[in-house]
Amino acid sequence: MPTVPSVSDFMTIAPHTIGLEQSIERARERMATLGVRHLPVLEGGALRGIVSERDLGLVVAAPGFDPTRVTVEDAMTPEPYVASPRDSLSDVAAHMGRHRYGAAVIVEHGKVVGVFTATDALLALSAVLEGMVHRPRDNSDPSRVRERILADHVALRSQLKSIHELAMRVESGEGERFADLCRHSRDLRTVLLAHLELEERLLAPLFERHDATYNEGATLHREHQNQREELTAALATLDDGARDPALFAKRMRILADLLLEDMEREEQDIIRRIAHGSHMKRANEGESR
C-alpha cells in the first residue's frame, strides 16, 4: 500500500519572501526575476501575510495608484492559510480547494520553510495519477539545494549590480540618484538577510553531512555574520544627520563588490564541492550493492 504523502513532499522549499515595508514595484520586480507568483510577507522574520501576482495587479490597476507610496502591506492578504510540513497532502489540498486559496504557507517552529501553491497541487495530482506518490522528492538532496541557492543568487546579483551602478553615479556627482540608492540599499537588507538565512538552513546541514572535517558550517556562519555587520554599519550612516552621499555611495559600492565576489566564489567552490560530494556518495553506495 503506498505511503500517504505529506505536503512537504511537494511544496517549494525555502521559498523567496519579501518584507512588509517593501514597495509594490520591488515585489513585482522580484516575482518577475524569480518566476514566481506568490511571496510570503515577513516583518522581522515573522510571517505577516502573502502577496500574489494577482494582488499586485489589482493594486496597480486601482485609480490613483502611486508606486512610490504603496507598499506590500497594502496589497497582501493578511493571515494566510498556514500548514505544517507534516500535514497530509490531501488535507491541505482539500482545504485550499474549499476556500479557494491559491497557496498555503508552510511554517515550522515559527519559520517559513515552504510554499504549497495550486501549481504544486496539480503536480502532486499528476504524481498520484501516475502512481508516483511512493517516491516523494528529497528536499535535502544536494542537487536541489544547489539549484535553489543559484536561483536566489540570480535575484541578489541583479540587486547588487543595481546598487553598484547607482553608487557609481552618486560618487560621480549625480546627487539626484541618492534617494534611489538609499531605497535599493534598504531593500537589500531584507533580501540579503533572507538569503543568508536560506543558506544557513540549507547549506550548513549539507556541510556537516559531506565535509565535516573542515567545519565549513561554522565558517559559513562567520562569513554571514560579517556580511550582516557590514551592511548594518553602512546603513547606519543614513541615520547620521551629517551624512555624506558620496561616502555612503562608496561604502555601498565596496559592499556590493564584496558580496558579488563572495557569491562567485561560493558558486565555483562550495556549492560545486557539495554536488561532487553527493555524486561520490551515490557512487560509493552503488559499489557497496
Starting at CG of L231, measure out to CE of M252 and round the result to the nearest 0.5 Å. 5.5 Å
Would V59 and D74 count as a side-chain contact (heavy atoms from CB on, under 4.5 Å) here? Give the steps. CA-CA 8 Å; V59 172; D74 299 313; 5.7 Å; no
Donor-acceptor pair, side chain of D120 and main chain of T117, under 3.5 angstrom: yes
Apply side-chain contact (heavy atoms from CB on, under 4.5 Å) to residues T71 and E21 and explain how you reach the verdict. CA-CA 6 Å; T71 66; E21 77 290 351; 5.5 Å; no
Please test V82 against L47 for side-chain contact (heavy atoms from CB on, under 4.5 Å), starting from the C-alpha separation and ending with a verdict. CA-CA 10 Å; V82 174; L47 179 66; 3.7 Å; yes
Do the side chains of L58 and I18 join up, straight or via other hydrophobic residues, at under 4.5 Å, putting them in one cluster? no
May I ask you to decide if S84's main-chain N or O and D87's side chain share a donor-acceptor pair within less than 3.5 Å? yes
When rounded to the nearest 0.5 Å, the distance separating OG of S162 from CD of E29 is 8.0 Å
Return the CG to CG distance between L259 and L192, rounded to the nearest 0.5 Å. 6.0 Å
Within the side chain of D9, is there an N or O that forms a donor-acceptor pair under 3.5 Å with the backbone of S6? yes
Audit row: K250, E171, salt bridge (Lys or Arg N to Asp or Glu O under 4.0 Å) steps and yes/no: CA-CA 7 Å; K250 180 179 180 180; E171 286 185 274; over 6 Å; no
Do V60 and V70 sit in the same hydrophobic cluster, where Ile, Leu, Val, Met, Phe, Trp and Tyr count as joined when their side-chain heavy atoms come under 4.5 Å apart? yes
Show the nearest heavy-atom pair for residues A75 and I24, with the distance to one decimal. CB-CD1, 3.6 Å
Shortest non-hydrogen contact between A167 and A249, atoms and distance: CB-O, 3.2 Å
Minimum heavy-atom distance A118-M96, with the two atoms named: N-CE, 4.0 Å
Heavy-atom pair with the smallest gap, counting every atom of A103 and V115: CB-CG1, 4.3 Å
Neighbour count above 12 (heavy atom, 6.0 Å) for R183 CZ: yes
Report the C-alpha separation of D55 and M76 in whole Å, then their side-chain angles, then the decisive distance to 0.1 Å, and conclude whether the side-chain contact (heavy atoms from CB on, under 4.5 Å) test is met. CA-CA 7 Å; D55 294 332; M76 73 179 189; 5.8 Å; no
Tell me whether S185 contacts the main-chain N or O of L181 through its side chain, where contact means a donor paired with an acceptor under 3.5 Å. yes
Do Q159 and H184 get their side chains close enough for a donor-acceptor pair, meaning under 3.5 Å? no
Can you find a heavy atom in the side chain of L258 that is under 4.5 Å from one in the side chain of E261? yes
Between OH of Y81 and CZ of F116, what distance do you get to the nearest 0.5 Å? 9.5 Å
Kindly indicate whether the side chain of M31, heavy atoms from C-beta on, has any atom under 4.5 Å from the side chain of L56. yes
Apply the side chain to side chain donor-acceptor pair (under 3.5 Å) test between R169 and each candidate in H164, E174, E176; give the one that qualifies. E174
Does R265 pair with E223 as a salt bridge, N-O distance under 4.0 Å? yes
Here the gap from L42 atom CG to Q22 atom CD, rounded to the nearest 0.5 Å, amounts to 10.5 Å
Worked verdict on Q225 versus E229 for side-chain hydrogen bond (donor to acceptor under 3.5 Å, both in side chains): CA-CA 6 Å; Q225 185 58 32; E229 292 174 356; 3.2 Å; yes
Hey, are the side chains of V51 and H38 touching, using non-hydrogen atoms and a 4.5 Å cut-off? no
The residue among T17, V105, L39, V112 that forms side-chain contact (heavy atoms from CB on, under 4.5 Å) with I50 is V105
Taking the inter-plane angle between the rings of H99 and H95 on a 0 to 90° scale, is it parallel (under 30°), tilted (30 to 60°) or perpendicular (over 60°)? tilted
Nearest heavy-atom neighbours spanning I163 and A256: CG2-CB, 4.3 Å
Starting from the C-alpha separation in whole Å, work towards a yes-or-no answer on salt bridge (Lys or Arg N to Asp or Glu O under 4.0 Å) for E108 and R86. CA-CA 9 Å; E108 186 171 35; R86 291 175 297 280; 2.6 Å; yes
same_hphob_cluster(M168, L160) at 4.5 Å side-chain heavy-atom cutoff: no
Reported CZ-to-OG1 distance for the pair F10 and T119, which is rounded to 0.5 angstrom: 14.0 Å
More than 12 heavy atoms of other residues, nucleotides or ligands under 6.0 Å from CZ of R54: yes or no? no
